[in-house]
Visitor: 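Quick one: the structure is below, questions incoming.
Bear in mind the structure is a predicted one, so any value in this text is a computation, not a measurement.
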Amino acid sequence: MANFQKLPSRAEDYSKWYNELVVKADLAEQSAVRGCMVIKPYGYAIWETIQHELDRRFKEQGVKNAYFPLLIPKSFLSREAEHVEGFAKECAVVTHHRLMNDPNGKGVVVDPNAKLEEELIIRPTSETIIWSTYKNWISSYRDLPILCNQWCNVMRWEMRTRLFLRTAEFLWQEGHTAHATKEEAEAYARRMLDVYADFAENVMAIPVVKGVKSPNERFAGALNTYCIEAMMQDGKALQAGTSHFLGQNFAKSFDVQFLSKENKYEYVWATSWGVSTRLMGALIMTHSDDNGLVLPPHLAPIQIVLVPIFKTEEQLNAILNRMNPILEKLQKAGVRIKVDTTDKYTPGYKFADYELKGVPVRLAMGGRDLENGTIEVARRDTLTKETVSLDGIEEKLLSLLEEIQKNCYTKALNYRIANTRECNSYEEFKEEIKKGGFLLCHWDGTPETEERIKEETKATIRCIPLEALPGYKEEPGVCMVTGKPSPRRVVFAIAY
RNA sequence: CGGGAAGUAGUUCAGCCCGGUGGAAUGCCUGCUUUGGGAGCAGGAGGUCGCAGGUUCGAAUCCUGUCUUCCCGACCA
């Protein structure tokens with residue numbers, strides 16, 4: 001009996017469970033550089049599927065991909081006052097462009113003669129470099145709208161990092177659009193929020209609350225920030241995506257004007273929107289269990305794995321001969337399949353390993369099945385298995401994958417519903433928030449009240465929901481702290 | 001960036017207090033037997049003890065500095 005290391009349970013230590021799962025499931029690991037991760041092939045395969053699915057949806061919205069530089073002149077960042085205020089404290093700065101041999105010994109040192117005239121910032125986000133570029137692209141209303149997206153890395157010098165959830169460097173996409181009218185820009189920011197919500201729910205199987213950020217939580221430089229918020233299994237909230245209506249702030253800072261039909265100069269209206277590798281963290285913390293990763297089929301790099309059980313090569317070949325036509329049919333239907341023919345590990349080892357990796361469906365076939373014309377089908381989401389006939393197995397498996405996808409979503413939604421409740425007094429709130437989950441409360445709309453609640457309870461307003469959560473009605477009331485009127489309940493939670 | 005803990009074989013850890021040629025388990029390699037829930041036996045390879053200085057005849061062990069990770073704060077997606 002191998003003395004393998006089990007994952008810590010979620011109940012024992014959620015944070016430790018997460019950290020170890022990321023590494024043991026082969027998603028990512030720490031790198032030699034503080035706060036920066038190595039995303040391993042298995043983890044990157046999931047990210048590539050995320051990219052692929054999102055990219056397709058963006059293109060349906062008329063978005064085109066482009067690429068802007070990693071380095072941003074320092075002066076650009078300071079053009080928009082709130083923007084620089086928001087990011088200045090976490091920027092990495094490039095000051096020199098050359099190394100030289102250390103005159104006093106081994107290795108290389110920065111060449112003091114190679115100091116840059118103007119220092120360059122490693123992008124924490126690209127609004128400034130993009131708007132300085134858009135200025136050259138826009139002169140007439142006929143040039144609008146511009147709908148660009150870039151897939152890239154950004155860097156924010158974080159004090160405390162965790163794989164996927166908060167790393168100094170992370171991968172993301174940032175969309176930047178320019179519009180002729182306020183209405184069009186606002187509508188576009190809203191539309192991209194819907195794209196994110198659709199993606200989160202149908203591909204990642206993560207239920208989200210669509211909402212608006214309170215002024216305290218708004219993106220630096222935006223007039224309005226929309227977001228999708230998800231609930232993790234430990235009851236904490238995680239912002240899964242944001243879409244900003246930037247108004248004319250960046251157009252004014254970078255002097256981007258266009259000539260309207262009426263032959264008048266007007267400033268351009270802007271949006272930006274993004275999701276990052278943080279989604280990987282959301283994925284893990286929404287579905288996985290104490291046995292390891294649970295991946296919704298739409299995102300799983302391997303959707304079905306076949307573990308043949310054999311003693312001799314003849315037996316293996318007999319199994320493969322029986323299964324190959326079935327697997328080919330499934331592959332033609334677009335299913336991602338792996339057949340594990342290695343004899344390096346025993347079947348029991350493979351079972352445990354594919355569970356750790358979150359493969360949605362595991363098939364096992366041995367001599368017994370071959371005789372009976374059956375196969376063992378195991379589901380990762382429910383950890384159940386049954387032996388079924390090979391007749392019509394392809395259709396059964398295809399619908400099983402869809403069922404698992406739905407079940408992942410339903411389970412997560414039920415968990416969120418079970419951990420969402422209304423809360424009417426601040427005293428009650430202080431107790432309830434310790435249990436985690438979403439608390440729907442009335443708030444007077446002032447930053448002061450939100451700040452006070454944050455200081456006293458660590459909870460923040462995750463969003464002002466665009467529509468009432470399922471099972472709840474939108475109704476006015478009074479603020480739980482100050483008693484002032486409140487038009488609707490907002491979502492409070494402790495956040496990642 | 002403050003407070004705490006830790007860095008020794010691929011991995012998890014013992015050894016450190018009290019200095020004297022570095023251990024275990026697991027993993028890896030080879031062979032045989034195994035294979036329906038993390039296989040067994042036998043043999044083998046694998047470490048300048050995070051890094052840099054210092055003390056000493058001699059440092060994994062003592063001292064100083066530094067880097068990284070984890071936990072708690074402050075900050076933030």
Visitor: Of all the nucleotides listed (B/rG37, B/rC1, B/rU35), which has the minimum atom distance to the side chain of A/K311?
Guide: B/rU35

Visitor: In Watson-Crick or G-U wobble terms, both distances under 3.5 Å, what is the partner of B/rC62?
Guide: B/rG54

Visitor: Just checking A/K24: base, sugar-phosphate only, or nothing, at a heavy-atom cut-off of under 4.0 Å?
Guide: nothing

Visitor: Touch check for A/G367, heavy atoms < 4.0 angstrom, all strands: base, sugar-phosphate only, or nothing?
Guide: base

Visitor: Evaluate whether atom NZ of A/K74 has more than 12 neighbouring non-hydrogen atoms of other residues, nucleotides or ligands under 6.0 angstrom away.
Guide: no

Visitor: Name the nucleic acid region contacted by A/E90, choosing base, sugar-phosphate or nothing; use a 4.0 angstrom heavy-atom cut-off, strictly under.
Guide: sugar-phosphate

Visitor: In plain terms, say whether A/E451 and A/K454 are close enough for a salt bridge, that is, a side-chain N and a carboxylate O under 4.0 Å apart.
Guide: no

Visitor: Under 3.5 Å for both donor-acceptor distances, Watson-Crick or wobble: does B/rG7 have a partner, and if so which one?
Guide: B/rC67

Visitor: Indicate, with a heavy-atom threshold strictly under 4.0 Å, whether A/T167 touches base, sugar-phosphate, or nothing.
Guide: base

Visitor: Please confirm whether A/R156 makes a cation-pi placement over A/F170, using NZ or CZ under 6.0 Å from the six-membered ring centre and within 45° of the ring normal.
Guide: no

Visitor: Scan A/G35 against the nucleic acid and name what it touches under 4.0 Å (heavy atoms): base, sugar-phosphate only, or nothing.
Guide: sugar-phosphate

Visitor: Using a cut-off of 4.0 Å on non-hydrogen atoms, how would the nucleic acid contact of A/T242 be classed: base, sugar-phosphate, or nothing?
Guide: nothing

Visitor: Per the side chain to side chain contact (heavy atoms under 4.5 Å, CB included) rule, which among A/I284, A/L283, A/L279 passes with A/F164?
Guide: A/I284

Visitor: Please check if the distance between the ring centroids of A/F250 and A/H83 is under 6.0 Å.
Guide: yes

Visitor: Nearest heavy atom decides the nucleotide; on that basis, is A/Q239 or A/D353 closer to the 5' end of RNA chain B?
Guide: A/D353

Visitor: When you measure from the centre of the six-membered ring of A/Y14, is the NZ or CZ of A/R10 closer than 6.0 Å and no more than 45° off the axis?
Guide: no

Visitor: Tell me which nucleotide among B/rG37, B/rU35, B/rU68 gets nearest to the side chain of A/I309.
Guide: B/rU35

Visitor: Using heavy-atom distances to pick each residue's nearest nucleotide on RNA chain B, tell me which of A/D343 and A/K350 is more 5'.
Guide: A/D343

Visitor: Going by the angle between their ring planes, with limits at 30° and 60°, are A/Y345 and A/Y349 parallel, tilted or perpendicular?
Guide: parallel

Visitor: Looking at A/F245 versus A/W273, is the centre-to-centre ring distance below 6.0 Å?
Guide: no

Visitor: Paired with B/rA45: which nucleotide, if any, by Watson-Crick or G-U wobble criteria at under 3.5 Å for both distances?
Guide: none

Visitor: Between B/rU69 and B/rU48, how far is it from one P atom to the other, in whole Å?
Guide: 23 Å

Visitor: Determine which nucleotide pairs with B/rG2, using a 3.5 Å limit on both distances of a Watson-Crick or G-U wobble pair.
Guide: B/rC72

Visitor: Measure from the side-chain heavy atoms of A/Q30 and tell me the nearest of B/rC28, B/rU69, B/rC72.
Guide: B/rU69

Visitor: Heavy atoms only, 4.0 Å cut-off, all strands: where does A/R166 land among base, sugar-phosphate and nothing?
Guide: base

Visitor: For B/rC32, which nucleotide in any strand shown is its Watson-Crick or wobble partner with both distances under 3.5 Å?
Guide: B/rG40

Visitor: Need one value for A/K344: base, sugar-phosphate or nothing, where a base atom within 4.0 Å counts as base even if backbone is also close, heavy atoms only.
Guide: sugar-phosphate

Visitor: Side chain of A/S276 only, heavy atoms from C-beta on: which candidate in B/rC70, B/rG36, B/rA77 is closest?
Guide: B/rA77

Visitor: Remember a base hit wins even if backbone is also touched, and classify A/L165 as base, sugar-phosphate or nothing at under 4.0 Å, heavy atoms.
Guide: base

Visitor: Got a list of protein N/O to nucleotides 41-50 of chain B N/O distances below 3.5 Å?
Guide:
none

Visitor: Using a heavy-atom cut-off of under 4.0 Å over every strand shown, decide if A/F219 touches base, sugar-phosphate, or nothing.
Guide: nothing

